[in-house]
Amino acid sequence: ASGSSSWFSFIIQSYVAFDMGTVQFRDSLGPAESIYYMGRINGSTKYRLVMRDVNAAQYVADNSNSVSVEQQVLFTGRIDSGTTDNVHIWIDPDLYNGTPSDASANMVLTNVPHVDLNWLVLQNGNDTSGTTSIDEIRIGLNYNSVVPEPALLGLVPACAMLLRRRSRG
């Protein structure tokens, strides 16, 4: 809704260098759609935030740090909706210090065309190999409603390794 903020978070991990794995918010599923892409895009070694509007104009914000293969990352973001949108993304925010400041965001897009958040789409790899894990997707009205309890984050890698071993077994 215009004049409101939506918060989200997810954990993402890629198992192959230069692969693609994204979380996408879309206003429709068709050729005339506006989209936010977040994750590893087009084989980038860095995480990116891309907004593409209905006219195919793109707005891009890159995280300055490269991502290691198998590095698990917590994305946390806020979309401030209005006539235009402002998007702030924090990568691995400090979960013990409360809501992060706008100045500490790793990626920011300001005054981009508004996107109605009607669809959530997950993209896992450039082919059918399934080389990216996306987990713990949360959407809410404030920061505390979307970030995991700090103690729980330590369990995610252990669970992922167990599931990976079971699928190979």
Side-chain angles (χ1 to χ4, degrees), residues 1-14 17-29 32-69 71-124 132-150 153 156:
S2 183
S4 66
S5 294
S6 299
W7 285 85
F8 60 88
S9 70
F10 57 90
I11 296 171
I12 188 167
Q13 182 176 13
S14 294
F18 306 110
D19 199 13
M20 182 168 179
T22 65
V23 171
Q24 304 167 17
F25 291 111
R26 298 173 176 232
D27 64 1
S28 66
L29 292 177
E33 61 186 354
S34 296
I35 306 170
Y36 286 117
Y37 295 90
M38 292 158 279
R40 288 180 65 178
I41 300 170
N42 297 332
S44 173
T45 59
K46 300 179 180 187
Y47 284 113
R48 307 184 94 185
L49 166 62
V50 175
M51 187 280 167
R52 188 185 77 207
D53 70 12
V54 295
N55 300 314
Q58 286 200 141
Y59 306 84
V60 179
D62 284 322
N63 177 35
S64 58
N65 300 322
S66 291
V67 180
S68 301
V69 173
Q71 178 182 353
Q72 179 178 290
V73 174
L74 172 65
F75 262 66
T76 303
R78 186 186 75 232
I79 300 173
D80 299 317
S81 298
T83 307
T84 59
D85 290 349
N86 296 317
V87 184
H88 293 79
I89 303 286
W90 294 268
I91 296 177
D92 287 332
D94 184 344
L95 300 177
Y96 294 99
N97 288 328
T99 305
S101 69
D102 289 356
S104 69
N106 298 92
M107 296 180 282
V108 178
L109 291 177
T110 57
N111 297 315
V112 295
H114 176 68
V115 176
D116 287 323
L117 307 179
N118 296 327
W119 293 87
L120 173 67
V121 177
L122 308 178
Q123 180 175 2
N124 183 9
T132 300
S133 293
I134 300 169
D135 197 8
E136 295 287 327
I137 300 168
R138 299 173 185 213
I139 300 172
L141 298 176
N142 59 56
Y143 176 76
N144 290 332
S145 67
V146 301
V147 294
E149 290 292 324
L153 280 181
V156 174

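Throughout, residue positions are numbered sequentially from 1 according to the sequence presented.
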Next item on the list: Go through the structure and list residues passing ring pair (Phe, Tyr, Trp, His ring centres under 6.0 Å) with Tyr59, not counting sequence neighbours.
Entry: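 Not a single residue meets the ring pair (Phe, Tyr, Trp, His ring centres under 6.0 Å) criterion with Tyr59.
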Check: What pairs with Phe25 under ring pair (Phe, Tyr, Trp, His ring centres under 6.0 Å), at least two apart in sequence or on another chain?
Finding: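 Partners of Phe25 under the ring pair (Phe, Tyr, Trp, His ring centres under 6.0 Å) test: Phe8.
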Next item on the list: Apply side chain to side chain contact (heavy atoms under 4.5 Å, CB included) to the pair Tyr47 and Ile89, showing each step before the final yes or no.
Entry: CA-CA 10 Å; Tyr47 284 113; Ile89 303 286; over 6 Å; no
For [X], which residues count as a side-chain contact (heavy atoms from CB on, under 4.5 Å) partner, sequence neighbours excluded?
{"X": "Asp94", "result": "Tyr96, Asn97"}
{"X": "Thr84", "result": "Asn111"}
{"X": "Ser104", "result": "Trp90, Pro100, Ser101"}
{"X": "Val23", "result": "Phe10, Leu120, Leu122, Ile134"}

For the [atom1] atom of [X] and the [atom2] atom of [Y], what is their distance to the nearest 0.5 Å?
{"X": "His88", "Y": "Asn106", "atom1": "NE2", "atom2": "CG", "answer": "11.5 Å"}
{"X": "Asn142", "Y": "Thr99", "atom1": "CG", "atom2": "OG1", "answer": "7.0 Å"}
{"X": "Ile91", "Y": "Met107", "atom1": "CD1", "atom2": "CE", "answer": "4.0 Å"}
{"X": "Ile79", "Y": "Ser5", "atom1": "CD1", "atom2": "OG", "answer": "9.5 Å"}

Closest non-hydrogen atom pair, [X] against [Y]:
{"X": "Arg138", "Y": "Val147", "result": "NH1-O, 3.4 Å"}
{"X": "Thr76", "Y": "Pro93", "result": "OG1-CG, 3.6 Å"}
{"X": "Leu74", "Y": "Pro148", "result": "CD2-CD, 4.1 Å"}
{"X": "Val108", "Y": "Ala61", "result": "O-CB, 3.6 Å"}
{"X": "Ser145", "Y": "Gly140", "result": "OG-CA, 3.5 Å"}
{"X": "Met51", "Y": "Ser34", "result": "CE-CB, 4.1 Å"}

Margin query: The criterion is side chain to side chain donor-acceptor pair (under 3.5 Å); which residues satisfy it with Asp85, sequence neighbours excluded?
Written below: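 Once residues adjacent in sequence are excluded, the partners of Asp85 under the side chain to side chain donor-acceptor pair (under 3.5 Å) criterion are Tyr36, His114.
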Next item on the list: Report the residues that fulfil side chain to side chain donor-acceptor pair (under 3.5 Å) with Trp7, sequence neighbours left out, ordered by chain and then residue number.
Entry: none
Next item on the list: Please list, chain by chain and in numerical order, all residues satisfying salt bridge (charged side-chain N to carboxylate O under 4.0 Å, His left out) with Asp80, sequence neighbours excluded.
Entry: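 Asp80 satisfies salt bridge (charged side-chain N to carboxylate O under 4.0 Å, His left out) with Arg78 only.
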